[in-house]
Protein chains: 2
Amino acid sequence: MAKPRPLSIKHQHPCDQCPLKKHDILRDLSASETEFMTRFKTGEFQAQAGSTIIVEGTNSPHLYTVLSGWGFRYKTLPDGRRQILNFILPGDLVGLQGSLMKEMSHSVEALSDMMFCVFERESLTKLFKETPSLAYDVTWLAAREEQMLDEHLLSVGRRTAIERAAYLISFLSQRARRVGQLEDGQILVPFTQSHVADTLGLSLVHTNKTLKKLQARGLIKWSERSCIVKDEEKLQHVAGWDGLPDTPRPFI
Amino acid sequence: MAKPRPLSIKHQHPCDQCPLKKHDILRDLSASETEFMTRFKTGEFQAQAGSTIIVEGTNSPHLYTVLSGWGFRYKTLPDGRRQILNFILPGDLVGLQGSLMKEMSHSVEALSDMMFCVFERESLTKLFKETPSLAYDVTWLAAREEQMLDEHLLSVGRRTAIERAAYLISFLSQRARRVGQLEDGQILVPFTQSHVADTLGLSLVHTNKTLKKLQARGLIKWSERSCIVKDEEKLQHVAGWDGLPDTPRPFI
DNA sequence: CGCAGGATTGATATCAATCAATAACGGTGG
DNA sequence: CCACCGTTATTGATTGATATCAATCCTGCG
């Protein structure tokens with residue numbers, strides 16, 4: 001519950017040595033783009049596992065790119081029921097809504113310790129004026145988020161419990177792999193079955209029983225706050241899902 | 001199932017007389033923006049009620065803005081189960097994903113007869129280069145779609161059947177009102193309870209029973225392929241939903 | 001008149017939620 | 001070291017919500 005504050009560390013990672021560059025899935029920036037990003041970036045910011053980074057209804061003056069760590073976006077109903085909307089991984093943009101609209105309509109919490117690259121919301125206009133190619137990338141990222149939400153909605157609305165779980169785990173393992181967060185099939189993030197339940201729109205107990213079924217079928221193994229994927233192909237088949245594209249994607 | 005083709009009617013509505021201008025909720029375009037849109041626009045296109053405008057997995061060379069009529073975006077599972085993702089109303093942008101990515105990941109169908117303003121996907125890059133303010137608006141619209149999907153996901157994942165129905169109907173009535181599609185509380189669109197069911201993630205039968213409950217409580221009245229809102233405030237309260245913002249929004 | 005699509009209803013089946021325990025584990029204070 | 005927690009995972013029993021099945025009833029239309 002501790003409210004994280006930006007640390008005063010500035011440009012610990014210069015943009016031309018951005019730690020995200022090592023991921024093949026992320027497209028390279030041109031020299032002029034990197035130059036713009038260097039001006040755009042105002043600092044870095046660290047969040048502890050479990051801390052809340054963005055609170056629904058507030059208006060954050062910042063826009064972030066995740067440099068490392070895992071988090072998730074969620075919304076809650078007045079009585080506390082929670083729905084996890086999506087997970088946030090390295091290379092993802094966080095807080096765009098808040099920069100465009102009056103306020104954020106969802107909250108964000110860190111699953112692991114996280115490191116962010118910080119931008120001022122005001123300079124977003126400048127980005128659009130001065131560097132159209134990056135503006136295009138921002139829009140691309142927004143469209144990608146929409147695409148993921150579409151699939152989640154299909155999942156929660158029309159897939160059965162076991163199909164949903166199969167979809168979620170193969171979705172997460174594919175996203176994880178693309179940013180080096182999958183080792184021997186294990187998704188390198190500490191998340192609980194409560195998180196899974198609130199993503200799938202199921203109760204905790206039923207989520208547990210569903211994961212056990214997948215385990216009994218030999219498709220996964222749940223182990224200490226994480227999940228080991230045993231048979232990704234079968235998981236995808238159970239879910240009736242095509243998988244993520246393997247093409248490079250932008251980041252800012 | 002008939003595949004609609006663009007009609008050869010060009011600029012029936014010049015951009016400076018855009019029929020969308022009459023809606024207060026839509027922000028005015030500057031002279032230079034209107035000038036750009038005139039060049040950007042390549043024609044108009046009409047779709048019949050029930051026709052499929054975009055097919056999942058294909059790659060449409062066009063980007064559309066809805067001038068009139070209602071439609072919906074949806075995805076299906078291999079065995080045919082369908083999830084409606086969102087509804088499409090005048091002023092909405094359609095096909096952005098297809099312009100940015102390789103292919104569309106959802107389908108679009110017309111609920112009523114519809115009229116679209118047509119743009120070439122290639123000129124989107126030009127839009128970003130030449131008119132940053134419109135590029136910003138495109139991104140704004142993408143973020144707005146994301147916001148709606150977030151709320152739908154919360155609904156399908158965590159709201160009960162009656163809460164979901166209450167949310168959907170107040171959501172639709174508010175969107176309808178903003179573009180003159182609400183008359184005496186009636187949502188002016190021909191949709192069936194099957195559409196409602198596939199939006200809520202419920203079966204058709206249960207949807208019918210749920211709507212009947214709302215009707216018994218005096219909150220709505222279902223009547224010939226549409227819905228009359230009797231008490232919007234109570235609907236919103238049942239759903240635990242804040243409602244849509246009333247601020248002007250962009251369109252392109 | 002008969003037919004098709006949509007709406008409605010009752011009976012039954014199934015899935016998932018809830019309730020209630022227990023187990024396994026790490027951390028903490030004595 | 002051990003007793004005591006709190007968190008997470010697990011399991012069985014029961015309840016409740018929603019799906020499915022099967023009719024029937026409209027209403028517009030050829």
Side-chain angles (χ1 to χ4, degrees), chain A residues 1 48-51 72 77 79-84 109 111-112 155-169 186-187 189-216 220-228 238, chain B residues 1 48-50 72 77 79-84 109 111-112 155-169 187 189-216 220-228 238:
Chain A
M1 285 297 140
Q48 277 195 321
S51 66
F72 61 92
L77 288 171
D79 68 358
R81 278 172 285 173
R82 178 177 74 169
Q83 177 65 39
I84 292 181
E109 188 176 316
L111 269 175
S112 65
S155 199
V156 175
R158 287 303 184 209
R159 285 188 171 102
T160 64
I162 203 153
E163 290 167 350
R164 281 182 226 185
Y167 160 68
L168 177 64
I169 291 168
Q186 174 149 28
I187 300 173
V189 62
F191 63 143
T192 67
Q193 296 187 0
S194 269
H195 292 119
V196 176
D198 285 347
T199 309
L200 301 182
L202 297 172
S203 74
L204 177 57
V205 173
H206 196 60
T207 297
N208 178 278
K209 288 171 181 169
T210 304
L211 290 172
K212 280 275 153 187
K213 271 187 204 167
L214 282 179
Q215 189 160 321
I220 66 163
K221 172 140 181 41
W222 187 269
S223 132
E224 29 176 339
R225 291 156 146 273
S226 183
C227 188
I228 302 164
V238 167
Chain B
M1 285 300 136
Q48 278 195 322
F72 62 93
L77 288 172
D79 67 359
R81 279 172 284 173
R82 177 177 75 167
Q83 177 66 38
I84 294 183
E109 186 176 318
L111 270 175
S112 64
S155 201
V156 175
R158 287 304 184 209
R159 285 188 172 103
T160 64
I162 201 152
E163 291 167 348
R164 280 182 227 186
Y167 160 68
L168 177 65
I169 292 168
I187 300 172
V189 62
F191 62 143
T192 67
Q193 296 188 357
S194 270
H195 292 119
V196 176
D198 285 347
T199 310
L200 301 182
L202 298 171
S203 74
L204 176 56
V205 172
H206 196 61
T207 297
N208 178 278
K209 288 171 182 171
T210 303
L211 290 172
K212 280 276 153 187
K213 270 188 204 167
L214 282 179
Q215 190 160 321
I220 66 162
K221 173 142 180 43
W222 187 269
S223 133
E224 30 175 339
R225 291 159 147 271
S226 183
C227 188
I228 302 165
V238 167

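Chain identifiers are assigned alphabetically (A, B, ...) following the order of the sequence lines, protein sequences preceding nucleic acid strands; residue numbering begins at 1 within each chain. What's counted below: heavy atoms across the whole structure, side chains too, no hydrogens, waters or symmetry copies.
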Length of the [atom1]-[atom2] vector between [X] and [N], whole Å:
{"X": "Arg81(B)", "N": "dC15(C)", "atom1": "CZ", "atom2": "P", "result": "12 Å"}
{"X": "His206(B)", "N": "dC15(C)", "atom1": "NE2", "atom2": "C1'", "result": "13 Å"}
{"X": "Lys221(A)", "N": "dA9(D)", "atom1": "NZ", "atom2": "P", "result": "12 Å"}
{"X": "Leu214(B)", "N": "dT8(C)", "atom1": "CG", "atom2": "C1'", "result": "16 Å"}
{"X": "Glu224(B)", "N": "dT8(C)", "atom1": "CD", "atom2": "P", "result": "12 Å"}
{"X": "Leu202(B)", "N": "dC15(C)", "atom1": "CG", "atom2": "P", "result": "17 Å"}
{"X": "Arg225(A)", "N": "dA24(C)", "atom1": "CZ", "atom2": "P", "result": "18 Å"}
{"X": "Glu163(A)", "N": "dA16(C)", "atom1": "CD", "atom2": "P", "result": "10 Å"}

Please produce a list of atom pairs where a protein N or O lies less than 3.5 Å from an N or O of nucleotides 28-30 of chain D.
none

Problem - Interface with DNA chain D, restricted to residues 192-201 of chain A and to heavy atoms under 4.0 Å - result: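 Close to the strand are Thr192(A), Gln193(A).
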
Practice task
Determine: side-chain N/O of Asn208(A) to OP1/OP2 of dT10(D), distance under 4.0 Å, yes or no.
Solution key: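 Affirmative; the distance criterion is met.
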
Would you check if [X] and [Y] make a side-chain contact, meaning some heavy-atom pair closer than 4.5 Å?
{"X": "Phe191(B)", "Y": "Arg225(B)", "result": "no"}
{"X": "Pro190(B)", "Y": "Ser226(B)", "result": "no"}
{"X": "Asn208(B)", "Y": "Lys212(B)", "result": "yes"}

Practice task
Select base, sugar-phosphate, or nothing to describe what Leu204(B) touches, counting heavy atoms under 4.0 Å on all strands.
Solution key: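 No contact at all - Leu204(B) keeps every heavy atom at 4.0 Å or more from the nucleic acid.
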
Enumerate the protein-to-nucleotides 11-13 of chain C contacts in which both atoms are nitrogen or oxygen and the separation is below 3.5 Å.
{"unit_1": "dA11(C)", "atom_1": "N6", "unit_2": "Lys209(B)", "atom_2": "NZ", "d": "3.4"}

Set of residues satisfying side chain to side chain contact (heavy atoms under 4.5 Å, CB included) with respect to [X], sequence neighbours excluded:
{"X": "Lys213(A)", "result": "Ile162(A)"}
{"X": "Lys221(A)", "result": "Gln215(A), Ile228(A), Lys230(A)"}
{"X": "Thr207(A)", "result": "Val196(A), Ala197(A), Leu202(A), Leu211(A)"}

Exercise for the section: Identify whether the distance between the nearest side-chain nitrogen and carboxylate oxygen of Asp198(B) and Arg158(A) falls below 4.0 Å. Expected result: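 A salt bridge links Asp198(B) with Arg158(A).
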
Problem - Any side-chain donor near an acceptor of the partner, Ser203(A) and His206(A), under 3.5 Å - result: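 Per modelled atom types, Ser203(A) and His206(A) side chains form no pair under 3.5 Å.
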
Problem - Stepwise side-chain contact (heavy atoms from CB on, under 4.5 Å) check, Val156(B) with Leu200(B) - result: CA-CA 6 Å; Val156(B) 175; Leu200(B) 301 182; 5.8 Å; no

Exercise for the section: Nearest 0.5 Å please: distance from the CD atom of Glu163(B) over to the OG atom of Ser155(B). Expected result: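 The distance works out to 8.5 Å.
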
Practice task
Evaluate the criterion side-chain contact (heavy atoms from CB on, under 4.5 Å) for residue pair Gln83(A) and Arg159(B); output intermediate values, then yes/no.
Solution key: CA-CA 10 Å; Gln83(A) 177 65 39; Arg159(B) 285 188 172 103; over 6 Å; no

Exercise for the section: Look at the side chain of Ser203(B) and decide which nucleotide, out of dA9(D), dA7(C), dT20(D), has an atom nearest to it. Expected result: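 Between dA9(D), dA7(C), dT20(D), the one nearest the side chain of Ser203(B) would be dT20(D).
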
